[in-house]
Asker: 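One structure is given below, represented as structure tokens, and several questions about it will come after.
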Amino acid sequence: MKKQTKAIHTGFRRGDAYGAIAMPVYHTCAYEFPDTDKMADSFCGRSDDPDYSRVTNPTVIHFEDRIKALTGAADVVAVNSGMAAISNALITLTSAGQNIVTSRHLFGNTFALITNTLHRFGIEARCIDLTDIKAVEAAIDGNTSCVFLEIVTNPQLEVADIPAIASIAHSKGVAVVADTTAIPFTEFEAKELGVDIEVISSTKYISGGATSVGGLIIDYGTVEGFRQRMRFDTLMNLGAYMNPQTAYMQTLGLENLDARYRLQSANALELAQRLKGLKGIVEVNYIGLPEHPYHQAAVRQFGPTGGAMMTIDLASEQACYDFLNRLQVVKRATNLFDNKTLAIHPWSTIFGPFTPEKRRSMDIKDTTIRISVGLEDMDDIIADIDQALGN
Ligand SMILES: *Cc1c(COP(=O)(O)O)cnc(C)c1O
């Protein structure tokens, strides 16, 4: 079956007693066993009978199974946020005394996780320019646990050469972990690019129009011992497993992901082209525009669609606040890939807790607005943006 069919028709592991065609929401904490042997098998990982919903639940398993069918992964673990996916994956891979090779161009909380939280447990962050392959090679040593990258950085929209990074990392026995939130996994094959572990904020494209916060850890089976440690150490002991209501909503989101993504990407391209001509906009930054510096790298790796995230630069920081405060249709909100078009000033919000020097070192600019393009008619969005610019 093709991906879009698998997204809808991947079956339940066990038939439903009533023949339900949508996976029911199993709002239960525990499961009764017919006898002690079956109970012991479940607790010791010798069967896939669910035992306790901190580590396994039929509704969540079904969501994980659909992701597995779509990606061809060896294992998929659904957790309760994108940050839980990133932190659980990195904790599974990394021990005290090791280092993570990554970039300064990271989602704000991911940067703080690696440079603050994990740092407190004796893990070193090596922030380098991941578009410089020589720098990647120089940064990896015998204590490197993984290279961590975002496939399209947010909000700089930088795209690194993943196969080149992966070939260096793998030659030194180091895993590649990629945050692929920016482009859905239905559009490209992360494993073929050399990604070992994919982490995703399913809050974004997959949730189905911002219904719920969630995360995914997609394990391609290429890192020895990862699956065992992930399921039987990290997942059990940190307790970040997805809840069944979220899995239900995100399974529905997965069913129409392809349709939403196609329209949102087409809308984003149309908007980017039309914004270039508007008075008051200094720069439009979108990887779907052929003149974008990373357009070719993005097309080569992730296919022709550029996703729904773009940034615009205005003349000054104050112009950004004036613009945002005048918006009437576009929502002043964080999040990405909602059905609604959203706008935010990353400098004063997502990256606001960092010092100005740190923000500048991460290439966050006080003149940048990030836009997540929704499913509306772009005529209305253009009209709103135009009036908010004071035109
Ligand atoms: C939103 C986001 C995250 C964090 O995900 P949550 O679901 O909010 O925890 C991580 N990485 C990227 C690229 C994101 O856009």
Side-chain angles (χ1 to χ4, degrees), residues 60 63 67 77-91 100 102-118 130 146 148-160 162 177-185 187-188 190 195 197-218 238-243 245-247 249-250 253-254 257 261 264 268 287 294 298 301-302 306-311 331 333-338 342-344 346 349-353 362-364 368 370-374:
V60 184
F63 178 54
I67 309 282
V77 176
V79 289
N80 57 26
S81 70
M83 286 316 303
I86 296 164
S87 57
N88 279 242
L90 290 178
I91 285 169
I100 295 170
T102 188
S103 162
R104 271 195 181 77
H105 294 170
L106 289 176
F107 178 69
N109 291 125
T110 307
F111 184 75
L113 167 73
I114 296 176
T115 60
N116 297 341
T117 317
L118 295 181
L130 289 177
C146 62
F148 180 90
L149 59 91
E150 292 177 8
I151 58 166
V152 182
T153 73
N154 163 10
Q156 304 86 359
L157 301 177
E158 173 190 286
V159 178
I162 301 172
V177 183
D179 178 337
T180 65
T181 303
I183 309 272
F185 48 67
E187 293 298 302
F188 67 103
V195 174
I197 309 288
E198 203 176 343
V199 287
I200 298 177
S201 168
S202 57
T203 314
K204 311 293 168 53
Y205 279 121
I206 298 165
S207 77
T211 61
S212 47
V213 173
L216 289 165
I217 300 163
I218 301 175
L238 297 191
Y241 198 52
M242 183 176 272
N243 73 67
Q245 184 66 38
T246 295
M249 290 189 283
Q250 300 205 352
L254 196 59
L257 168 65
Y261 180 72
Q264 263 170 301
I287 58 165
Y294 290 109
Q301 299 178 91
F302 317 125
M309 173 171 68
M310 69 174 67
T311 65
K331 303 285 182 204
T334 190
N335 203 10
L336 289 167
F337 318 131
D338 194 322
L342 313 174
I344 192 166
T349 56
I350 300 166
F351 296 90
M362 298 170 80
D363 295 314
I364 307 299
T368 302
R370 186 186 78 190
I371 298 176
S372 172
V373 183

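In each ligand, atom 1 is the first atom listed, and ligand 1 is the first ligand listed. All values derive from a computational prediction rather than experimental measurement.
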Asker: Just by modelled atom types, is the Val152 backbone N or O under 3.5 Å from a matching donor or acceptor in the Glu158 side chain?
Answerer: no
Asker: Tabulated below should be the N or O atoms of ligand 1 paired with protein N or O atoms at under 3.5 Å; can you produce that?
Answerer:
| from | atom 1 | to | atom 2 | distance (Å) |
| --- | --- | --- | --- | --- |
| ligand 1 | 5 (O) | Ser201 | OG | 3.0 |
| ligand 1 | 7 (O) | Gly82 | N | 2.8 |
| ligand 1 | 7 (O) | Ser201 | OG | 2.8 |
| ligand 1 | 7 (O) | Thr203 | OG1 | 2.6 |
| ligand 1 | 9 (O) | Gly82 | N | 3.0 |
| ligand 1 | 9 (O) | Met83 | N | 2.9 |
| ligand 1 | 11 (N) | Asp179 | OD2 | 2.7 |
| ligand 1 | 15 (O) | Lys204 | NZ | 2.8 |

Asker: Is there a side-chain contact between Tyr294 and Leu157 in this structure, where contact means two heavy atoms from C-beta onward sitting under 4.5 Å apart?
Answerer: no
Asker: Who passes salt bridge (charged side-chain N to carboxylate O under 4.0 Å, His left out) against Glu187, sequence neighbours left out?
Answerer: Arg262
Asker: By side-chain contact (heavy atoms from CB on, under 4.5 Å), which residues pair with Ala190, not counting sequence neighbours?
Answerer: Phe188, Val195, Glu198, Tyr220
Asker: Do the side chain of Thr246 and the main chain of Ser212 share a donor and acceptor less than 3.5 angstrom apart?
Answerer: no
Asker: Go through the structure and list residues passing side chain to side chain donor-acceptor pair (under 3.5 Å) with Ser103, not counting sequence neighbours.
Answerer: none
